[in-house]
Amino acid sequence: MRRTHYLLPTLKEVPADADTVSAKLMLRAGLIRKVASGIYEWLPFGLRVLRKVERIVREEMDAAGALEVWLPVVQPKELWEETGRWTYYGKELLRLKDRKDTEFCLAPTAEEVITDLVRREVRSYRELPVMLYQFGTKFRDEIRPRFGVMRAREFYMKDAYSFHADEQDAEKYYKRVYEAYTKIFTRCGLQFRGVEADTGTIGGSFSHEFMVLAETGEELMVSCDCGYAANVERAECRALNPGSPEPPLPPEDVSTPGSWSVEDVAKLLKLSPEKFIKTQFYVADQEPVVALVRGDREINEPKLQRVLGCKVLERANDETYRKVAGCEVGYAGPVGLKERARNPKFRLVADLSVKDIVNGVSGSNRKDYHTVHINVGRDYQPDGFYDIRVIREGDSCPRCGETVRFSRGIEVGHTFKLGLKYSQSMNARYLDEKGERVPFVMGCYGIGVSRVVAAAIEQRHDDNGISWPLALAPFQVIVLPLNVTEPNVMGTAEKIYQELKDKGVDVLLDDRDERAGVKFKDADLTGIPVRVTVGEKKLPAGLVEIKGRDEAKPTDVPVSEAVGDVLRRLK
Ligand SMILES: [Zn+2]
(Lines give C-alpha, C1' and ligand atoms only; values in the text may rest on other atoms or scores of the structure.)
Protein backbone atom coordinates (compact mmCIF):
# COMPACT_ATOMS: atom_id res chain seq x y z
CA MET A 1 0.00 0.00 0.00
CA ARG A 2 1.21 3.47 -0.90
CA ARG A 3 0.76 6.10 1.73
CA THR A 4 -0.17 8.73 -0.88
CA HIS A 5 -3.17 6.57 -1.83
CA TYR A 6 -4.08 5.56 1.69
CA LEU A 7 -6.48 7.37 4.02
CA LEU A 8 -4.35 7.62 7.15
CA PRO A 9 -5.06 10.99 8.75
CA THR A 10 -2.66 11.29 11.70
CA LEU A 11 -3.03 14.07 14.25
CA LYS A 12 -0.30 16.02 16.04
CA GLU A 13 -2.63 17.29 18.73
CA VAL A 14 -4.26 15.11 21.35
CA PRO A 15 -8.06 15.32 20.95
CA ALA A 16 -9.53 17.13 23.95
CA ASP A 17 -12.14 14.57 24.97
CA ALA A 18 -9.94 11.48 24.61
CA ASP A 19 -9.61 10.13 28.16
CA THR A 20 -7.24 7.17 27.86
CA VAL A 21 -3.96 6.35 26.15
CA SER A 22 -5.66 4.05 23.64
CA ALA A 23 -8.42 6.55 22.83
CA LYS A 24 -5.84 9.26 22.23
CA LEU A 25 -3.59 7.06 20.13
CA MET A 26 -6.42 5.51 18.11
CA LEU A 27 -7.57 8.99 17.13
CA ARG A 28 -4.06 10.37 16.58
CA ALA A 29 -2.83 7.37 14.57
CA GLY A 30 -5.87 7.50 12.30
CA LEU A 31 -7.58 4.26 13.38
CA ILE A 32 -10.93 5.74 14.34
CA ARG A 33 -12.99 8.91 14.35
CA LYS A 34 -15.84 9.83 16.66
CA VAL A 35 -19.33 10.26 15.21
CA ALA A 36 -21.34 10.69 18.41
CA SER A 37 -20.88 9.88 22.09
CA GLY A 38 -19.69 6.25 22.25
CA ILE A 39 -20.09 5.76 18.48
CA TYR A 40 -17.08 5.55 16.19
CA GLU A 41 -16.06 5.11 12.57
CA TRP A 42 -13.23 2.68 11.90
CA LEU A 43 -10.91 4.01 9.22
CA PRO A 44 -8.95 1.68 6.89
CA PHE A 45 -5.91 1.57 9.18
CA GLY A 46 -7.96 0.66 12.26
CA LEU A 47 -10.12 -1.81 10.38
CA ARG A 48 -7.01 -3.72 9.31
CA VAL A 49 -6.21 -4.36 12.98
CA LEU A 50 -9.80 -5.27 13.78
CA ARG A 51 -9.84 -7.77 10.91
CA LYS A 52 -6.60 -9.36 12.11
CA VAL A 53 -8.09 -9.93 15.56
CA GLU A 54 -11.23 -11.24 13.93
CA ARG A 55 -9.32 -13.71 11.78
CA ILE A 56 -7.44 -15.17 14.76
CA VAL A 57 -10.66 -15.47 16.73
CA ARG A 58 -12.49 -17.11 13.82
CA GLU A 59 -9.72 -19.65 13.20
CA GLU A 60 -9.61 -20.73 16.84
CA MET A 61 -13.39 -20.85 17.22
CA ASP A 62 -13.63 -22.99 14.09
CA ALA A 63 -10.85 -25.22 15.44
CA ALA A 64 -12.84 -25.61 18.68
CA GLY A 65 -15.77 -26.94 16.66
CA ALA A 66 -17.96 -23.82 16.64
CA LEU A 67 -20.14 -22.99 13.63
CA GLU A 68 -20.44 -19.43 12.42
CA VAL A 69 -23.87 -17.83 12.01
CA TRP A 70 -25.11 -14.28 11.51
CA LEU A 71 -27.81 -13.11 13.90
CA PRO A 72 -29.92 -9.95 13.67
CA VAL A 73 -28.98 -6.81 15.58
CA VAL A 74 -32.64 -5.71 15.66
CA GLN A 75 -34.43 -8.19 17.91
CA PRO A 76 -38.12 -8.51 18.82
CA LYS A 77 -39.36 -7.53 22.28
CA GLU A 78 -41.26 -10.84 22.71
CA LEU A 79 -38.05 -12.87 22.93
CA TRP A 80 -36.58 -10.54 25.53
CA GLU A 81 -39.78 -10.69 27.53
CA GLU A 82 -39.52 -14.47 27.72
CA THR A 83 -36.38 -14.20 29.85
CA GLY A 84 -37.52 -11.09 31.72
CA ARG A 85 -34.56 -9.13 30.40
CA TRP A 86 -36.75 -6.64 28.48
CA THR A 87 -37.33 -5.11 31.94
CA TYR A 88 -34.28 -6.36 33.83
CA TYR A 89 -31.71 -5.03 31.36
CA GLY A 90 -32.79 -1.48 32.11
CA LYS A 91 -31.80 1.57 30.12
CA GLU A 92 -28.73 -0.02 28.56
CA LEU A 93 -31.15 -1.78 26.23
CA LEU A 94 -31.96 0.59 23.38
CA ARG A 95 -35.59 0.01 22.41
CA LEU A 96 -37.20 1.06 19.16
CA LYS A 97 -40.47 0.74 17.25
CA ASP A 98 -41.02 -0.02 13.60
CA ARG A 99 -43.69 1.62 11.42
CA LYS A 100 -46.33 -0.77 12.73
CA ASP A 101 -45.44 0.17 16.32
CA THR A 102 -43.92 -3.27 16.93
CA GLU A 103 -41.25 -3.04 19.59
CA PHE A 104 -37.65 -4.13 19.12
CA CYS A 105 -34.28 -3.64 20.76
CA LEU A 106 -30.77 -3.23 19.43
CA ALA A 107 -28.99 -6.36 20.59
CA PRO A 108 -26.49 -5.90 23.42
CA THR A 109 -26.04 -9.71 23.40
CA ALA A 110 -27.87 -12.61 21.74
CA GLU A 111 -28.86 -15.31 24.26
CA GLU A 112 -32.57 -14.90 23.51
CA VAL A 113 -32.27 -15.06 19.72
CA ILE A 114 -29.86 -17.99 19.72
CA THR A 115 -31.89 -19.97 22.27
CA ASP A 116 -34.97 -19.37 20.12
CA LEU A 117 -33.10 -20.57 17.03
CA VAL A 118 -31.88 -23.74 18.71
CA ARG A 119 -35.23 -24.61 20.29
CA ARG A 120 -36.78 -24.46 16.81
CA GLU A 121 -34.05 -26.29 14.92
CA VAL A 122 -32.39 -28.77 17.29
CA ARG A 123 -34.67 -31.60 18.34
CA SER A 124 -32.70 -34.53 19.60
CA TYR A 125 -29.79 -35.42 21.86
CA ARG A 126 -28.19 -36.92 18.73
CA GLU A 127 -27.64 -33.38 17.39
CA LEU A 128 -25.82 -32.26 20.55
CA PRO A 129 -23.55 -30.62 21.45
CA VAL A 130 -23.78 -27.66 19.14
CA MET A 131 -21.87 -24.39 19.42
CA LEU A 132 -22.81 -21.42 17.26
CA TYR A 133 -21.01 -18.11 17.07
CA GLN A 134 -21.12 -14.83 15.23
CA PHE A 135 -19.24 -11.61 14.73
CA GLY A 136 -21.41 -8.57 14.88
CA THR A 137 -22.24 -5.09 16.06
CA LYS A 138 -23.63 -4.83 19.55
CA PHE A 139 -25.25 -1.83 21.16
CA ARG A 140 -25.36 -0.96 24.86
CA ASP A 141 -26.70 2.44 25.76
CA GLU A 142 -24.03 3.16 28.37
CA ILE A 143 -24.93 6.00 30.71
CA ARG A 144 -21.42 7.43 30.36
CA PRO A 145 -19.57 6.15 27.30
CA ARG A 146 -15.84 6.61 27.83
CA PHE A 147 -12.36 5.26 27.14
CA GLY A 148 -12.84 5.49 23.36
CA VAL A 149 -13.90 2.17 21.84
CA MET A 150 -13.34 0.39 25.16
CA ARG A 151 -16.59 1.59 26.66
CA ALA A 152 -18.37 2.59 23.50
CA ARG A 153 -22.09 2.19 23.00
CA GLU A 154 -21.66 0.49 19.63
CA PHE A 155 -18.97 -2.14 19.49
CA TYR A 156 -17.86 -5.22 17.57
CA MET A 157 -17.99 -8.54 19.30
CA LYS A 158 -17.66 -12.27 18.82
CA ASP A 159 -20.33 -14.08 20.77
CA ALA A 160 -20.62 -17.86 20.94
CA TYR A 161 -23.28 -20.06 22.53
CA SER A 162 -23.12 -23.77 23.18
CA PHE A 163 -25.93 -26.24 23.84
CA HIS A 164 -25.47 -29.54 25.62
CA ALA A 165 -27.32 -32.62 26.77
CA ASP A 166 -25.83 -32.50 30.27
CA GLU A 167 -23.62 -30.61 32.72
CA GLN A 168 -20.56 -32.79 32.11
CA ASP A 169 -20.59 -32.08 28.40
CA ALA A 170 -21.10 -28.36 29.03
CA GLU A 171 -18.11 -28.37 31.39
CA LYS A 172 -15.95 -30.24 28.89
CA TYR A 173 -16.85 -27.67 26.25
CA TYR A 174 -16.28 -24.78 28.64
CA LYS A 175 -12.71 -25.99 29.11
CA ARG A 176 -12.30 -26.33 25.37
CA VAL A 177 -13.39 -22.72 24.82
CA TYR A 178 -11.15 -21.60 27.69
CA GLU A 179 -8.23 -23.22 25.86
CA ALA A 180 -9.29 -21.65 22.55
CA TYR A 181 -9.32 -18.24 24.26
CA THR A 182 -5.86 -18.88 25.65
CA LYS A 183 -4.66 -19.64 22.12
CA ILE A 184 -6.39 -16.56 20.72
CA PHE A 185 -4.78 -14.05 23.09
CA THR A 186 -1.42 -15.80 22.85
CA ARG A 187 -1.57 -15.57 19.06
CA CYS A 188 -2.54 -11.89 19.34
CA GLY A 189 0.82 -11.39 21.06
CA LEU A 190 -0.71 -10.03 24.25
CA GLN A 191 0.05 -10.64 27.90
CA PHE A 192 -3.18 -11.75 29.51
CA ARG A 193 -4.70 -13.74 32.34
CA GLY A 194 -7.89 -15.76 32.70
CA VAL A 195 -9.49 -14.90 36.05
CA GLU A 196 -12.55 -16.08 37.99
CA ALA A 197 -15.28 -13.52 37.59
CA ASP A 198 -18.77 -12.48 38.54
CA THR A 199 -21.65 -13.40 36.24
CA GLY A 200 -23.32 -9.95 36.16
CA THR A 201 -26.38 -9.40 33.96
CA ILE A 202 -25.73 -12.51 31.83
CA GLY A 203 -26.27 -14.74 34.86
CA GLY A 204 -25.37 -18.40 35.18
CA SER A 205 -23.34 -20.49 37.54
CA PHE A 206 -19.71 -19.51 36.97
CA SER A 207 -17.53 -17.50 34.66
CA HIS A 208 -14.05 -16.36 33.75
CA GLU A 209 -12.78 -13.07 32.41
CA PHE A 210 -9.81 -12.76 30.10
CA MET A 211 -7.81 -9.72 31.03
CA VAL A 212 -5.13 -8.06 28.95
CA LEU A 213 -2.60 -6.83 31.48
CA ALA A 214 -2.12 -3.06 31.42
CA GLU A 215 -1.29 -0.59 34.17
CA THR A 216 -3.94 1.72 32.78
CA GLY A 217 -6.62 -1.01 32.91
CA GLU A 218 -10.00 -0.35 34.45
CA GLU A 219 -10.28 -3.74 36.14
CA LEU A 220 -8.42 -4.80 39.25
CA MET A 221 -7.51 -8.43 39.66
CA VAL A 222 -5.74 -10.50 42.24
CA SER A 223 -3.44 -13.35 41.51
CA CYS A 224 -1.12 -15.69 43.31
CA ASP A 225 1.89 -17.83 42.39
CA CYS A 226 -0.19 -20.93 43.12
CA GLY A 227 -2.27 -20.16 40.01
CA TYR A 228 -5.27 -18.56 41.69
CA ALA A 229 -6.52 -15.50 39.80
CA ALA A 230 -9.78 -13.62 40.19
CA ASN A 231 -11.47 -10.36 39.47
CA VAL A 232 -11.26 -8.21 42.60
CA GLU A 233 -15.05 -8.22 42.94
CA ARG A 234 -15.08 -11.97 42.88
CA ALA A 235 -11.88 -12.79 44.81
CA GLU A 236 -12.51 -14.93 47.86
CA CYS A 237 -11.38 -13.72 51.29
CA ARG A 238 -10.31 -15.63 54.34
CA ALA A 239 -10.74 -14.74 58.00
CA LEU A 240 -8.19 -12.15 59.10
CA ASN A 241 -5.33 -12.51 61.54
CA PRO A 242 -6.90 -11.91 64.99
CA GLY A 243 -3.79 -10.19 66.41
CA SER A 244 -2.35 -10.84 69.86
CA PRO A 245 -4.67 -12.69 72.26
CA GLU A 246 -6.34 -10.75 75.08
CA PRO A 247 -8.90 -11.72 77.75
CA PRO A 248 -12.51 -10.69 77.04
CA LEU A 249 -13.55 -7.67 79.16
CA PRO A 250 -17.09 -6.77 80.28
CA PRO A 251 -18.97 -4.59 77.75
CA GLU A 252 -19.22 -0.91 78.54
CA ASP A 253 -21.01 2.06 76.95
CA VAL A 254 -18.85 5.10 76.30
CA SER A 255 -19.94 8.60 75.35
CA THR A 256 -19.04 9.59 71.77
CA PRO A 257 -21.00 12.80 71.22
CA GLY A 258 -21.21 13.85 67.57
CA SER A 259 -18.86 11.11 66.44
CA TRP A 260 -20.22 8.19 64.48
CA SER A 261 -17.83 7.31 61.67
CA VAL A 262 -15.29 4.56 62.38
CA GLU A 263 -12.51 7.05 61.70
CA ASP A 264 -13.80 9.68 64.16
CA VAL A 265 -14.70 7.27 66.94
CA ALA A 266 -11.38 5.41 66.55
CA LYS A 267 -9.56 8.71 66.98
CA LEU A 268 -11.71 9.72 69.95
CA LEU A 269 -11.30 6.39 71.78
CA LYS A 270 -7.67 5.97 70.64
CA LEU A 271 -8.45 2.53 69.21
CA SER A 272 -7.51 0.90 65.92
CA PRO A 273 -10.26 0.68 63.23
CA GLU A 274 -9.48 -3.05 63.25
CA LYS A 275 -11.32 -3.22 66.61
CA PHE A 276 -14.51 -1.86 65.10
CA ILE A 277 -17.53 -3.77 63.94
CA LYS A 278 -19.08 -1.72 61.15
CA THR A 279 -22.85 -2.18 60.94
CA GLN A 280 -24.47 -1.60 57.54
CA PHE A 281 -28.12 -1.70 56.58
CA TYR A 282 -29.50 -3.08 53.36
CA VAL A 283 -32.80 -4.01 51.81
CA ALA A 284 -32.77 -7.36 50.02
CA ASP A 285 -35.91 -7.97 47.95
CA GLN A 286 -37.78 -5.64 50.33
CA GLU A 287 -36.55 -7.42 53.49
CA PRO A 288 -34.15 -5.54 55.77
CA VAL A 289 -30.69 -7.03 56.26
CA VAL A 290 -27.92 -5.95 58.62
CA ALA A 291 -24.37 -6.76 57.56
CA LEU A 292 -21.29 -6.56 59.79
CA VAL A 293 -17.72 -6.05 58.62
CA ARG A 294 -14.47 -5.09 60.36
CA GLY A 295 -14.03 -1.32 60.69
CA ASP A 296 -11.20 -1.03 58.20
CA ARG A 297 -12.95 -3.13 55.54
CA GLU A 298 -15.77 -2.74 53.03
CA ILE A 299 -18.78 -4.90 52.25
CA ASN A 300 -18.63 -6.51 48.80
CA GLU A 301 -22.23 -6.08 47.68
CA PRO A 302 -22.25 -8.69 44.86
CA LYS A 303 -20.95 -11.23 47.40
CA LEU A 304 -23.58 -10.19 49.95
CA GLN A 305 -26.24 -10.53 47.29
CA ARG A 306 -25.09 -14.07 46.51
CA VAL A 307 -25.09 -15.02 50.19
CA LEU A 308 -28.60 -13.63 50.63
CA GLY A 309 -29.80 -15.13 47.34
CA CYS A 310 -31.80 -12.01 46.57
CA LYS A 311 -32.65 -10.44 43.20
CA VAL A 312 -32.25 -6.81 44.26
CA LEU A 313 -29.92 -5.52 46.96
CA GLU A 314 -29.95 -1.85 47.94
CA ARG A 315 -28.50 0.26 50.74
CA ALA A 316 -31.30 1.00 53.22
CA ASN A 317 -32.54 4.57 53.47
CA ASP A 318 -32.45 6.48 56.78
CA GLU A 319 -36.04 5.62 57.58
CA THR A 320 -35.47 1.87 57.26
CA TYR A 321 -32.27 2.26 59.28
CA ARG A 322 -34.10 3.95 62.16
CA LYS A 323 -36.89 1.40 62.05
CA VAL A 324 -34.54 -1.56 62.27
CA ALA A 325 -31.91 -0.09 64.59
CA GLY A 326 -34.34 1.90 66.72
CA CYS A 327 -31.78 4.71 66.89
CA GLU A 328 -30.26 7.59 64.97
CA VAL A 329 -28.28 6.84 61.81
CA GLY A 330 -24.64 6.11 62.63
CA TYR A 331 -25.08 4.65 66.10
CA ALA A 332 -26.23 1.10 65.32
CA GLY A 333 -24.38 -1.95 66.54
CA PRO A 334 -25.04 -5.69 66.75
CA VAL A 335 -25.51 -5.86 70.55
CA GLY A 336 -29.19 -6.10 71.44
CA LEU A 337 -30.16 -5.14 67.91
CA LYS A 338 -32.65 -7.95 67.50
CA GLU A 339 -34.30 -7.07 70.82
CA ARG A 340 -34.48 -3.37 70.05
CA ALA A 341 -35.67 -3.61 66.47
CA ARG A 342 -39.22 -2.40 65.94
CA ASN A 343 -39.45 -4.81 63.05
CA PRO A 344 -37.66 -7.91 64.29
CA LYS A 345 -37.85 -9.65 60.90
CA PHE A 346 -34.37 -9.01 59.58
CA ARG A 347 -31.26 -11.05 58.93
CA LEU A 348 -27.97 -10.31 60.66
CA VAL A 349 -25.04 -11.52 58.60
CA ALA A 350 -21.37 -11.02 59.43
CA ASP A 351 -18.21 -11.06 57.40
CA LEU A 352 -15.46 -13.50 58.37
CA SER A 353 -13.34 -10.46 59.34
CA VAL A 354 -15.60 -9.89 62.37
CA LYS A 355 -15.36 -13.43 63.72
CA ASP A 356 -12.08 -13.08 65.61
CA ILE A 357 -12.48 -9.54 66.97
CA VAL A 358 -11.92 -9.67 70.73
CA ASN A 359 -13.15 -6.68 72.77
CA GLY A 360 -14.58 -4.99 69.71
CA VAL A 361 -16.29 -1.60 69.37
CA SER A 362 -19.56 -0.67 67.72
CA GLY A 363 -22.52 1.67 67.98
CA SER A 364 -24.70 1.07 71.04
CA ASN A 365 -28.03 1.64 69.27
CA ARG A 366 -28.48 4.95 71.08
CA LYS A 367 -27.40 8.38 69.99
CA ASP A 368 -23.93 9.60 71.03
CA TYR A 369 -22.86 6.29 72.59
CA HIS A 370 -20.69 3.41 71.49
CA THR A 371 -20.10 0.09 73.23
CA VAL A 372 -16.61 -1.23 73.81
CA HIS A 373 -15.43 -4.75 74.70
CA ILE A 374 -18.00 -6.50 72.57
CA ASN A 375 -17.44 -10.20 72.00
CA VAL A 376 -19.20 -12.50 69.60
CA GLY A 377 -21.19 -15.32 71.18
CA ARG A 378 -21.44 -13.55 74.54
CA ASP A 379 -22.83 -10.18 73.40
CA TYR A 380 -24.26 -10.86 69.96
CA GLN A 381 -24.77 -13.74 67.57
CA PRO A 382 -25.09 -13.22 63.81
CA ASP A 383 -27.19 -15.62 61.73
CA GLY A 384 -23.96 -16.65 60.07
CA PHE A 385 -20.39 -15.68 59.12
CA TYR A 386 -19.71 -15.40 55.41
CA ASP A 387 -17.17 -14.05 52.97
CA ILE A 388 -18.88 -10.75 52.14
CA ARG A 389 -16.01 -8.27 52.03
CA VAL A 390 -13.82 -6.71 49.37
CA ILE A 391 -10.35 -8.23 49.16
CA ARG A 392 -7.48 -5.85 49.87
CA GLU A 393 -3.77 -5.67 49.30
CA GLY A 394 -1.98 -7.75 51.92
CA ASP A 395 -4.82 -10.28 52.18
CA SER A 396 -3.99 -13.92 51.80
CA CYS A 397 -4.75 -16.22 48.91
CA PRO A 398 -7.93 -18.28 49.46
CA ARG A 399 -6.18 -21.33 48.03
CA CYS A 400 -2.68 -21.39 49.50
CA GLY A 401 -2.58 -18.64 52.13
CA GLU A 402 0.29 -16.64 50.60
CA THR A 403 -0.18 -12.90 50.08
CA VAL A 404 -2.06 -12.12 46.85
CA ARG A 405 -0.79 -9.68 44.22
CA PHE A 406 -2.92 -6.94 42.71
CA SER A 407 -2.66 -5.97 39.07
CA ARG A 408 -4.65 -4.06 36.51
CA GLY A 409 -6.12 -5.24 33.27
CA ILE A 410 -8.68 -4.74 30.55
CA GLU A 411 -11.41 -7.30 30.11
CA VAL A 412 -11.39 -8.55 26.51
CA GLY A 413 -13.16 -11.88 26.83
CA HIS A 414 -15.72 -13.49 29.09
CA THR A 415 -16.86 -17.09 29.35
CA PHE A 416 -20.02 -18.12 31.20
CA LYS A 417 -21.38 -21.47 32.16
CA LEU A 418 -25.06 -20.60 31.93
CA GLY A 419 -26.62 -23.91 32.90
CA LEU A 420 -30.39 -23.91 32.44
CA LYS A 421 -30.99 -20.18 32.95
CA TYR A 422 -32.10 -19.40 29.39
CA SER A 423 -33.31 -22.80 28.24
CA GLN A 424 -35.69 -23.02 31.20
CA SER A 425 -37.12 -19.53 30.94
CA MET A 426 -37.52 -19.93 27.16
CA ASN A 427 -38.64 -23.55 27.34
CA ALA A 428 -35.90 -24.69 24.97
CA ARG A 429 -35.86 -28.48 25.12
CA TYR A 430 -34.59 -31.50 23.25
CA LEU A 431 -35.63 -35.16 23.29
CA ASP A 432 -33.26 -37.24 25.40
CA GLU A 433 -32.51 -40.95 25.00
CA LYS A 434 -35.62 -41.90 26.99
CA GLY A 435 -37.81 -39.73 24.77
CA GLU A 436 -38.28 -37.05 27.45
CA ARG A 437 -38.18 -33.36 26.64
CA VAL A 438 -35.45 -31.79 28.78
CA PRO A 439 -33.90 -28.29 28.73
CA PHE A 440 -30.53 -27.69 27.06
CA VAL A 441 -27.53 -26.98 29.28
CA MET A 442 -25.90 -23.83 27.91
CA GLY A 443 -22.66 -21.90 27.86
CA CYS A 444 -21.84 -18.52 26.33
CA TYR A 445 -18.52 -16.99 25.40
CA GLY A 446 -17.74 -13.46 24.25
CA ILE A 447 -14.73 -11.57 22.95
CA GLY A 448 -14.82 -7.80 22.54
CA VAL A 449 -13.02 -7.66 19.21
CA SER A 450 -12.92 -3.85 19.04
CA ARG A 451 -11.83 -3.80 22.67
CA VAL A 452 -8.88 -6.11 21.95
CA VAL A 453 -7.52 -3.43 19.61
CA ALA A 454 -7.68 -0.77 22.33
CA ALA A 455 -6.31 -3.17 24.97
CA ALA A 456 -3.33 -4.01 22.75
CA ILE A 457 -2.51 -0.29 22.62
CA GLU A 458 -2.93 0.15 26.38
CA GLN A 459 -0.45 -2.68 26.90
CA ARG A 460 1.98 -1.71 24.16
CA HIS A 461 2.77 1.96 23.68
CA ASP A 462 5.42 4.52 24.59
CA ASP A 463 5.66 8.32 24.52
CA ASN A 464 5.95 8.28 20.72
CA GLY A 465 2.96 6.13 19.95
CA ILE A 466 1.70 2.60 19.47
CA SER A 467 3.87 -0.51 19.28
CA TRP A 468 1.77 -3.23 17.68
CA PRO A 469 2.42 -6.90 18.30
CA LEU A 470 3.30 -8.41 14.91
CA ALA A 471 0.12 -10.45 14.68
CA LEU A 472 -2.14 -7.40 14.99
CA ALA A 473 -0.09 -4.75 13.21
CA PRO A 474 -2.07 -3.06 10.41
CA PHE A 475 1.13 -3.24 8.37
CA GLN A 476 4.10 -5.31 9.45
CA VAL A 477 6.66 -3.16 7.65
CA ILE A 478 6.96 0.48 6.63
CA VAL A 479 9.40 1.39 3.86
CA LEU A 480 10.40 4.98 4.32
CA PRO A 481 12.26 6.78 1.51
CA LEU A 482 13.60 10.01 2.96
CA ASN A 483 13.67 11.98 -0.27
CA VAL A 484 11.06 10.86 -2.77
CA THR A 485 12.34 13.23 -5.47
CA GLU A 486 15.72 11.47 -5.53
CA PRO A 487 15.36 8.70 -8.20
CA ASN A 488 17.92 6.35 -6.64
CA VAL A 489 16.29 6.59 -3.16
CA MET A 490 12.80 6.14 -4.51
CA GLY A 491 13.87 3.37 -6.89
CA THR A 492 15.49 1.37 -4.06
CA ALA A 493 12.51 1.91 -1.78
CA GLU A 494 10.11 0.82 -4.53
CA LYS A 495 12.19 -2.32 -5.15
CA ILE A 496 12.24 -3.35 -1.47
CA TYR A 497 8.54 -2.54 -1.17
CA GLN A 498 7.67 -4.65 -4.20
CA GLU A 499 9.80 -7.61 -3.09
CA LEU A 500 8.21 -7.61 0.36
CA LYS A 501 4.75 -7.42 -1.18
CA ASP A 502 5.61 -10.36 -3.43
CA LYS A 503 6.60 -12.32 -0.32
CA GLY A 504 3.14 -11.70 1.12
CA VAL A 505 4.22 -9.12 3.72
CA ASP A 506 1.80 -6.35 4.74
CA VAL A 507 3.90 -3.37 3.80
CA LEU A 508 3.27 0.35 3.62
CA LEU A 509 5.41 2.64 1.44
CA ASP A 510 5.55 6.16 2.83
CA ASP A 511 5.94 7.83 -0.56
CA ARG A 512 4.79 11.25 0.67
CA ASP A 513 6.95 14.24 -0.16
CA GLU A 514 7.35 15.17 3.52
CA ARG A 515 10.25 16.06 5.79
CA ALA A 516 12.11 13.13 7.36
CA GLY A 517 11.03 14.23 10.84
CA VAL A 518 7.35 14.10 9.94
CA LYS A 519 7.71 10.63 8.44
CA PHE A 520 9.66 9.25 11.41
CA LYS A 521 7.13 10.69 13.87
CA ASP A 522 4.24 9.14 11.94
CA ALA A 523 6.03 5.79 11.69
CA ASP A 524 6.45 5.73 15.49
CA LEU A 525 2.94 7.00 16.17
CA THR A 526 1.30 4.37 13.97
CA GLY A 527 3.42 1.64 15.55
CA ILE A 528 4.39 -0.45 12.51
CA PRO A 529 6.79 -3.12 13.87
CA VAL A 530 9.62 -2.87 11.29
CA ARG A 531 10.88 0.29 9.58
CA VAL A 532 13.16 0.26 6.54
CA THR A 533 14.66 3.71 5.90
CA VAL A 534 16.19 4.51 2.52
CA GLY A 535 18.25 7.73 2.59
CA GLU A 536 20.66 9.69 0.46
CA LYS A 537 23.45 9.47 3.07
CA LYS A 538 23.86 5.71 3.28
CA LEU A 539 22.61 4.60 -0.10
CA PRO A 540 25.88 5.43 -1.92
CA ALA A 541 27.56 2.91 0.44
CA GLY A 542 24.85 0.41 -0.53
CA LEU A 543 23.13 0.52 2.86
CA VAL A 544 19.62 1.02 4.24
CA GLU A 545 18.60 1.31 7.89
CA ILE A 546 16.31 -1.25 9.52
CA LYS A 547 14.78 -0.64 12.93
CA GLY A 548 12.29 -2.51 15.08
CA ARG A 549 9.64 -0.22 16.64
CA ASP A 550 10.96 -0.95 20.15
CA GLU A 551 14.66 -0.73 19.28
CA ALA A 552 16.59 2.39 20.26
CA LYS A 553 18.77 2.54 17.15
CA PRO A 554 18.57 1.35 13.54
CA THR A 555 20.94 -1.20 12.06
CA ASP A 556 22.72 -0.65 8.74
CA VAL A 557 21.92 -3.45 6.31
CA PRO A 558 23.16 -3.87 2.71
CA VAL A 559 20.37 -3.16 0.23
CA SER A 560 20.71 -6.68 -1.18
CA GLU A 561 20.05 -8.18 2.27
CA ALA A 562 17.27 -5.83 3.34
CA VAL A 563 14.36 -8.07 2.37
CA GLY A 564 15.98 -11.13 3.95
CA ASP A 565 16.64 -9.19 7.17
CA VAL A 566 13.03 -8.01 7.34
CA LEU A 567 11.68 -11.50 6.73
CA ARG A 568 13.84 -12.87 9.58
CA ARG A 569 12.42 -10.21 11.90
CA LEU A 570 8.88 -11.16 10.98
CA LYS A 571 9.42 -14.82 11.83
ZN1 LIG B 1 -2.23 -18.97 46.27
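Whatever order the structure lists them in is the order used to number ligands and atoms, beginning at 1. Just so we're clear, the structure is a prediction, and the values are computed from it rather than from any experiment. Note that these values count all heavy atoms, side chains included, but never hydrogens, waters or copies made by symmetry.
Defined by atom type and a distance below 3.5 Å, a donor-acceptor pair is present between the side-chain atoms of T109 and E111. A donor atom on one side chain and an acceptor atom on the other are not found under 3.5 Å apart for Y386 and R306. In the model, Y125 has no side-chain atom that pairs as donor or acceptor with a side-chain atom of D166 under 3.5 Å.
Cation-pi check for K417 over Y174 is not met; the charged atom does not lie both under 6.0 angstrom from the ring centroid and within 45 degrees of its normal. In this structure, R176 forms a cation-pi arrangement with Y173, its terminal cationic atom sitting closer than 6.0 Å to the ring centre and no more than 45° off the ring axis.
Between Y89 and W80, the angle of the ring planes goes over 60°, which puts this pair in the perpendicular group of the 30/60° scheme.
Here 4 is the count of protein N, O or S atoms positioned under 2.8 Å from the Zn ion (ligand 1), waters not counted.
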